[in-house]
K.L.:
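My structure is below; once you've seen it, I'll send some questions.
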There are 2 protein chains.
Amino acid sequence: MSVTIKDVASKSGLSIATISKYINGGNVLEENRKIIDKVIKELGFEVNEIARGLKTSKTKTIGLLIPSLENIFFTSIVSNIESVLIKSGYSTIICDYKEDKDLEKQKLDFLLKKMVDGIITMPMGNDSEAIKSVIKRNIPVVLIDRALRDIDCDTVLVDNLNAAYNAIEQLIILGHKRIGIICGPDEIYTAQERLKGYERVHEDYNMSIDSSLVKKGDYQVESGYRLLSELIKMEEPPTAILVTNYEMTLGALMAVNEGNVKIPDDISFIGFDNLQLSKVVKPPLSIVIQPVQQIGEVAANTILKRLKGDTSNFPSMIRLKTELIMKESVQKLETN
Amino acid sequence: MSVTIKDVASKSGLSIATISKYINGGNVLEENRKIIDKVIKELGFEVNEIARGLKTSKTKTIGLLIPSLENIFFTSIVSNIESVLIKSGYSTIICDYKEDKDLEKQKLDFLLKKMVDGIITMPMGNDSEAIKSVIKRNIPVVLIDRALRDIDCDTVLVDNLNAAYNAIEQLIILGHKRIGIICGPDEIYTAQERLKGYERVHEDYNMSIDSSLVKKGDYQVESGYRLLSELIKMEEPPTAILVTNYEMTLGALMAVNEGNVKIPDDISFIGFDNLQLSKVVKPPLSIVIQPVQQIGEVAANTILKRLKGDTSNFPSMIRLKTELIMKESVQKLETN
DNA sequence: TTGTACGCGTTATCAC
DNA sequence: GTGATAACGCGTACAA
């Protein structure tokens with residue numbers, strides 16, 4: 001079918017072994033080097049990665065396991081990861097587990113069966129066992145966005161705690177006393193951290209927390225809608241709100257629109273994750289931006305490093321900073 | 001390292017050939033069948049896909065080549081494709097070419113080098129040559145979203161022409177005479193078709209087209225913003241507008257918000273592609289919805305069919321219907 | 001430096 | 001129905 005080393009060998013008059021050595025960067029006579037180079041170009045020879053893989057048990061493929069492909073936050077990261085990896089000749093098999101823990105395990109197995117050389121994943125459950133067994137098989141794993149307890153594994157995340165902390169702090173500085181938050185699910189790492197940020201800033205400013213202002217959603221649009229509706233219908237509603245991911249921000253805005261509530265007059269609003277959205281709605285939305293590009297690049301470079309056998313400072317834990325963009329959706333509150 | 005057929009053979013007392021035949025669904029004595037089954041389970045044997053690939057020259061991998069991973073319309077399709085393919089044991093290597101024609105070719109080569117069994121792609125340029133050469137190599141290709149001229153290739157698209165036609169028709173029925181459209185780039189198939197729909201409905205209703213109302217953007221946010229700004233600043237602005245993709249819809253909404261223009265009082269508005277968006281903005285946006293799930297499923301099933309060697313009605317051209325959802329962003333115009 | 005021979009795990013072909 | 005055995009294309013000792 002396609003051109004093999006054998007073909008190159010016979011046409012160049014050299015042996016298969018020599019050609020192979022040349023391809024893999026070994027020492028070959030300058031003279032032969034030229035000949036081989038020429039023949040390879042003439043024949044259009046390309047290494048058969050799959051035959052090579054059989055021998056080396058390396059597939060030059062990285063598995064990417066993410067919660068959903070219908071979430072721009074995740075796919076942006078994926079896009080950046082792919083860009084970096086392809087430069088090193090790695091392809092990426094992307095699996096989304098549709099926010100389903102069973103599917104997550106299934107797809108992890110799938111990737112393993114496909115003999116990926118490494119795995120980058122955003123774990124959902126805390127099935128650190130599955131991940132552990134992968135690491136035990138000497139397959140490098142990089143966790144992104146969400147950390148896992150009791151596990152030695154390279155991890156790239158954003159400083160979720162301070163992301164929430166800083167946003168809430170701004171609201172406090174502007175005079176808000178009753179600040180609501182719409183969190184993600186308890187089981188999810190980022191949700192825990194963002195809530196911690198909310199709690200810690202209250203402590204630091206010596207403010208007590210009204211637990212009725214802390215709403216727990218599921219990172220989906222509908223919960224953002226429902227929970228914000230609940231908040232604005234309270235007898236004593238919050239004067240400001242932080243919504244902690246993109247989907248819920250979307251939902252919360254729907255609730256605002258339908259509830260005849262005005263931003264920022266009736267409620268100050270800080271959203272999450274999507275800069276474009278902040279410009280479409282009126283007034284412009286204040287927003288917490290995560291460094292998606294960096295996350296992808298750092299994750300990809302980390303796994304590339306491990307793939308090269310560099311085990312320095314393992315396990316690495318990199319915590320990237322978010323950015324808070326304040327716009328007119330937040331109002332200064334008169335202190336009375 | 002891992003368990004091989006050889007191991008299964010020696011432990012079961014049968015030959016490698018028999019085990020292989022069993023695995024691939026050949027006829028084996030009921031008696032042996034049981035033994036093999038048991039041994040496989042005990043040993044936890046799994047086929048080494050890469051060794052199998054070397055022999056069969058099949059990788060059980062489909063290449064997916066899309067313009068961008070940061071576009072929910074594309075990634076939704078990808079997600080659905082992946083769901084279908086994985087059920088048949090296929091993995092998908094996803095490449096995005098970042099709307100760059102050179103990158104598109106590069107990544108196509110990359111996929112070929114990875115020996116994918118088939119390719120599903122949304123082509124950008126009209127480099128039908130590259131695709132043709134793939135097909136000539138007997139690698140099935142399915143085009144989605146965008147058709148290519150002069151080429152025999154299975155294609156799955158939506159009826160873009162009538163998508164635009166129907167939207168504009170509704171506006172006409174509601175009494176609008178000056179209807180603007182913000183199109184995509186001339187080179188892109190979907191943009192051409194949507195524009196044709198605009199033109200045809202004007203013909204059918206015997207209305208002439210004011211070419212200053214036909215704006216050509218590039219499917220990016222900024223152009224939607226810029227072009228809608230231009231439209232509303234006209235001396236005689238349109239009374240209604242159709243924006244023909246999601247990003248430009250986003251941009252156009254920004255312009256509306258900043259321009260102190262009211263929807264639908266000052267201008268009736270129909271957007272594209274994203275249902276969620278339609279609920280977030282106020283008033284609720286009328287929108288053209290594409291059947292992303294179907295697109296993905298049909299495309300995946302088509303390539304699966306070809307992979308099985310079924311060449312019936314090749315090349316198939318499937319045209320899926322869009323849905324028009326009318327909301328309060330469109331106003332009935334008084335006929336005077 | 002170069003060449004020979006063999007192994008990687010499967011599948012396919014043929015005898016039996 | 002079953003079992004040797006030759007491929008598949010490449011890497012790698014080892015010998016030359």
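Here is the naming used below: chain letters follow the sequence lines, and residue numbers restart at 1 for every chain. All figures in this text were calculated on a predicted structure; none of them were measured in a lab.
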K.L.:
Would you classify F45(B) as touching base, sugar-phosphate or nothing, given that sugar-phosphate means primed atoms plus P, OP1 and OP2, and contacts are heavy atoms under 4.0 Å?
P.N.:
sugar-phosphate
K.L.:
Starting at atom CD1 of I35(B), determine the distance to atom C1' of dG1(D), rounded to an integer number of angstrom.
P.N.:
14 Å
K.L.:
Nearest heavy-atom pair of P291(A) and V158(A): which atoms, and what distance?
P.N.:
CD-CG1, 3.8 Å
K.L.:
Please state how far atom CD1 in I50(B) lies from atom P in dG9(C), giving the value in whole angstrom units.
P.N.:
11 Å
K.L.:
When the nearest nucleotide of DNA chain D is assigned to S15(B) and to I16(A) on a heavy-atom basis, which residue is associated with the more 5' position?
P.N.:
S15(B)
K.L.:
Show your working on side-chain hydrogen bond (donor to acceptor under 3.5 Å, both in side chains) between S15(B) and T18(B) and close with a plain yes or no.
P.N.:
CA-CA 5 Å; S15(B) 80; T18(B) 307; 3.1 Å; yes
K.L.:
Take the protein atom OH of Y22(A) and the nucleotide atom P of dG11(D), then report the distance between them rounded to whole Å.
P.N.:
14 Å
K.L.:
What is the distance, rounded to the nearest whole Å, between atom NZ of K58(A) and atom P of dC10(D)?
P.N.:
19 Å
K.L.:
Taking 4.0 Å as the cut-off, does a side-chain nitrogen or oxygen of R52(A) come that near to OP1 or OP2 on dG11(D)?
P.N.:
yes
K.L.:
Might you point out which heavy atoms bring S312(A) and R306(A) nearest each other, and give the distance in Å?
P.N.:
O-NH1, 2.9 Å
K.L.:
Please report the shortest heavy-atom distance between D152(A) and F314(A), naming the atom on each side.
P.N.:
O-CZ, 3.3 Å
K.L.:
Contact class for S20(B) (heavy atom, under 4.0 Å): base, sugar-phosphate, or nothing?
P.N.:
base
K.L.:
Does a side-chain N or O of N24(B) approach OP1 or OP2 of dT10(C) to a distance below 4.0 Å, or not?
P.N.:
no
K.L.:
Return the nearest nucleotide to the side chain of V47(B); candidates are dG9(D), dG3(C), dT10(C).
P.N.:
dT10(C)
K.L.:
Does T56(B) make a side-chain N or O approach to OP1 or OP2 of dT11(C) shorter than 4.0 Å?
P.N.:
no
K.L.:
What is the distance from CD1 of I19(B) to C1' of dA12(C), rounded to the nearest Å?
P.N.:
16 Å
K.L.:
Could you state the atom-to-atom distance from CD1 of I23(A) to P of dT1(C) in whole Å?
P.N.:
18 Å
K.L.:
Side chain of I5(A) only, heavy atoms from C-beta on: which candidate in dG11(D), dT10(C), dT12(D) is closest?
P.N.:
dG11(D)
K.L.:
If you check the T4(B) side chain, which of dG3(C), dG11(D), dG9(C) turns out closest?
P.N.:
dG9(C)
K.L.:
I would like to know whether D310(A) and K308(A) meet salt bridge (charged side-chain N to carboxylate O under 4.0 Å, His left out); could you show each step before the answer?
P.N.:
CA-CA 6 Å; D310(A) 181 345; K308(A) 278 182 204 149; over 6 Å; no
K.L.:
On DNA chain C, compare the nucleotides closest to A17(A) and N27(A); which residue's is nearer the 5' end?
P.N.:
N27(A)
K.L.:
Mind checking E46(B) for me? I need base, sugar-phosphate or nothing, with any heavy atom below 4.0 Å counting as a touch.
P.N.:
sugar-phosphate
K.L.:
Whole Å only: how far is the CG atom of L54(B) from the C1' atom of dA12(C)?
P.N.:
14 Å
K.L.:
Please report the C-alpha distance between S68(A) and Y97(A) in whole Å, then the side-chain angles of each, then the deciding distance to 0.1 Å, and finally whether the side-chain hydrogen bond (donor to acceptor under 3.5 Å, both in side chains) criterion is met.
P.N.:
CA-CA 6 Å; S68(A) 167; Y97(A) 55 86; over 6 Å; no
K.L.:
Does a nitrogen or oxygen in the side chain of N48(B) sit under 4.0 Å from OP1 or OP2 of dC8(C)?
P.N.:
no
K.L.:
Please state whether the base of dA12(C) and the side chain of K55(B) form at least one donor-acceptor pair under 3.5 Å?
P.N.:
no
K.L.:
Tell me: NZ of K6(A) to C1' of dC10(D), nearest whole Å?
P.N.:
12 Å
K.L.:
Answer with base, sugar-phosphate or nothing: what part of the nucleic acid does L29(A) contact at a heavy-atom distance below 4.0 Å?
P.N.:
sugar-phosphate
